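Worksheet: one structure, shown below.
Predicted, not measured: the structure shown is a model, and the values here were computed from it.
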Amino acid sequence: MKLILASGSPRRHELLTRAQLDFTVMSIDIDETPHIDEAPKAYIERMVATKAEAAVEQLNRALNKKLNDKQADLPESIIILTADTIGVLADGKTVLVKPADREDAYRMWQQMSDNVHEVWTAVQATHVAFSSKAANNPNHKPVLQVVNQQRITERTEVTFIPLTIEMMSNYWDSGEPADKAGGYGIQGLGAAWVSRINGSYTNVVGLPLAQTLALINKMQINDMQVNDMQLKEMPEDKAKVVNSLKADG
């Protein structure tokens, strides 16, 4: 199965690369504005689902273009990986997203100073494949459709040291906080603010790696089981042909 990371985050790309996975990257642009009174868990789950929908639409647009140009190279199935990371204050309600500007970052950091917050990451694996109509009818245009979706949410407690205005000013001026949930990067200069964590370190970076790998493996096993069931339901002569093609591949 082909794996696509639907994220422009260099940190998620680096983590998957460390796991020695073969994957491609797709950048997805969606509106990430939280809804009024939207709970943190509902927000990140909506984000990963919306990103997955946008990725499928983008893949289908690219597929149609290739078909029109007669250059289509069609994989049997694809796993699209989407993720979203936020910080959540100790009240369990206040969401910490990417800072809009210096003042917004200061506001968040003052609430996190000498306090505990949580980092939440939702990860969704979406298995897509070509519709059965396209497979059985050469006149039907191939379209990717969702076969299966599974999602996990990981939480990590992070404790900050007391922060001064000078510390916040220097950190903002470094340029590091601008594109990070909660306005800090634990893998960079922001590590100096963290006195302790309780939970997955890679989750704070932006992708709970061990849990994500388990999710991908689960999706691949499910795909194999579905394929085996489909073979059992096939007439014996067709099943032999499919198995011979797999052996040749």
Side-chain angles (χ1 to χ4, degrees), residues 2-32 34 40-41 43-52 54-55 58 79-89 95-101 104-105 108-109 112 117-126 151-160 168 170-217 219:
K2 182 178 181 179
L3 177 64
I4 295 177
L5 173 63
S7 171
S9 167
R11 295 166 293 281
R12 292 179 183 134
H13 182 279
E14 181 182 356
L15 287 169
L16 285 184
T17 301
R18 286 184 190 177
Q20 299 182 315
L21 291 182
D22 183 16
F23 65 98
T24 57
V25 174
M26 171 189 295
S27 293
I28 300 298
D29 185 21
I30 65 167
D31 181 4
E32 299 187 20
K41 188 171 187 292
Y43 170 74
I44 55 175
E45 288 183 349
R46 179 171 63 86
M47 287 295 98
V48 293
T50 303
K51 289 176 182 179
Q58 189 168 316
I79 292 179
I80 301 170
L81 204 63
T82 53
D84 196 77
T85 301
I86 57 173
V88 181
L89 290 182
V95 175
L96 305 169
V97 293
K98 300 171 186 176
D101 51 31
D104 189 36
M108 288 194 296
W109 294 338
M112 299 156 74
H117 66 276
E118 289 188 337
V119 175
W120 297 12
T121 300
V123 182
Q124 179 168 307
T126 302
R151 184 188 305 140
I152 59 171
T153 302
E154 188 70 18
R155 304 183 185 187
T156 302
E157 286 187 352
V158 181
T159 304
F160 265 19
M168 291 188 282
N170 290 339
Y171 187 40
W172 180 262
D173 290 341
S174 74
E176 183 177 277
D179 67 338
K180 297 173 178 61
Y184 75 97
I186 195 171
Q187 74 283 3
L189 300 174
W193 290 5
V194 178
S195 61
R196 66 179 59 87
I197 70 169
N198 180 20
S200 166
Y201 168 79
T202 55
N203 180 50
V204 185
V205 176
L207 189 72
L209 188 57
Q211 295 86 344
T212 299
L213 295 177
L215 178 63
I216 294 170
N217 185 56
M219 293 290 285

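- Taking the side chain as every heavy atom from C-beta outward, T85 and R12 approach each other to under 4.5 Å.
- For CG of D173, the number of neighbouring non-hydrogen atoms (other residues, nucleotides, ligands) closer than 6.0 Å is greater than 12.
- Put simply, CD1 on I86 and CZ on R155 are 9.0 Å apart, with the number rounded to the nearest 0.5 Å.
- Atom-to-atom distance recorded for L5:CG and L81:CG is 6.0 Å, nearest 0.5 angstrom.
- Rounded to the nearest 0.5 Å, atoms OG1 (T202) and CD (E14) are 11.5 Å apart.
- Nearest approach of G8 to S27, heavy atoms of both residues: CA-OG, 4.1 Å.
- Separating the CG atom in D101 from the CH2 atom in W172 is a distance of 6.5 Å, to the nearest 0.5 Å.
- Considering all non-hydrogen atoms of both residues, G182 and M108 come closest at C-CE, 3.9 Å.
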- Task: Tell me, with the steps shown, if E45 and K41 meet salt bridge (charged side-chain N to carboxylate O under 4.0 Å, His left out).
- Result: CA-CA 6 Å; E45 288 183 349; K41 188 171 187 292; 2.4 Å; yes
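- The heavy-atom pair separating W120 from P40 by the smallest distance is CZ3-CB, 3.3 Å.
- Contact annotation: the side chain of M47 approaches that of I30 to within less than 4.5 Å [non-hydrogen atoms, C-beta and beyond].
- Taking 4.5 Å as the limit, some side-chain heavy atom of Y43 sits within range of a side-chain heavy atom of V97.
- Side-chain contact between K51 and M26 is absent, with no heavy-atom pair separated by less than 4.5 Å.
- Here the side chain of Q58 pairs no donor or acceptor atom with the backbone of I28 at under 3.5 angstrom.
- When each of D84, I216, T212 is checked for a side-chain contact (heavy atoms from CB on, under 4.5 Å) with V123, only T212 meets the rule.
- Proximity of L213 to L21: side-chain heavy atoms (C-beta onward) are separated by under 4.5 Å at one or more points.
- Pairing each heavy atom of W109 with each of P177, the nearest pair is CZ2-CB, 3.7 Å.
- Remark: D29 CG is loosely packed, at most 12 non-hydrogen atoms of other residues, nucleotides or ligands lying under 6.0 Å away.
- Distance check, rounded to the nearest 0.5 Å: CD of Q124 to CD1 of I44 gives 11.5 Å.
- Across every non-hydrogen atom of A83 and T121, the tightest pair is CB-CG2, 4.5 Å.
- What you find for V194 and Y184 is that their closest heavy atoms are CG2-CE1, 4.4 Å.
- The aromatic rings of F160 and W193 sit perpendicular, their planes meeting at an angle over 60°, well past the 30° parallel limit.
- Note that NE2 of H117 and OG1 of T156 are 9.5 Å apart. Values are rounded to the nearest 0.5 Å.
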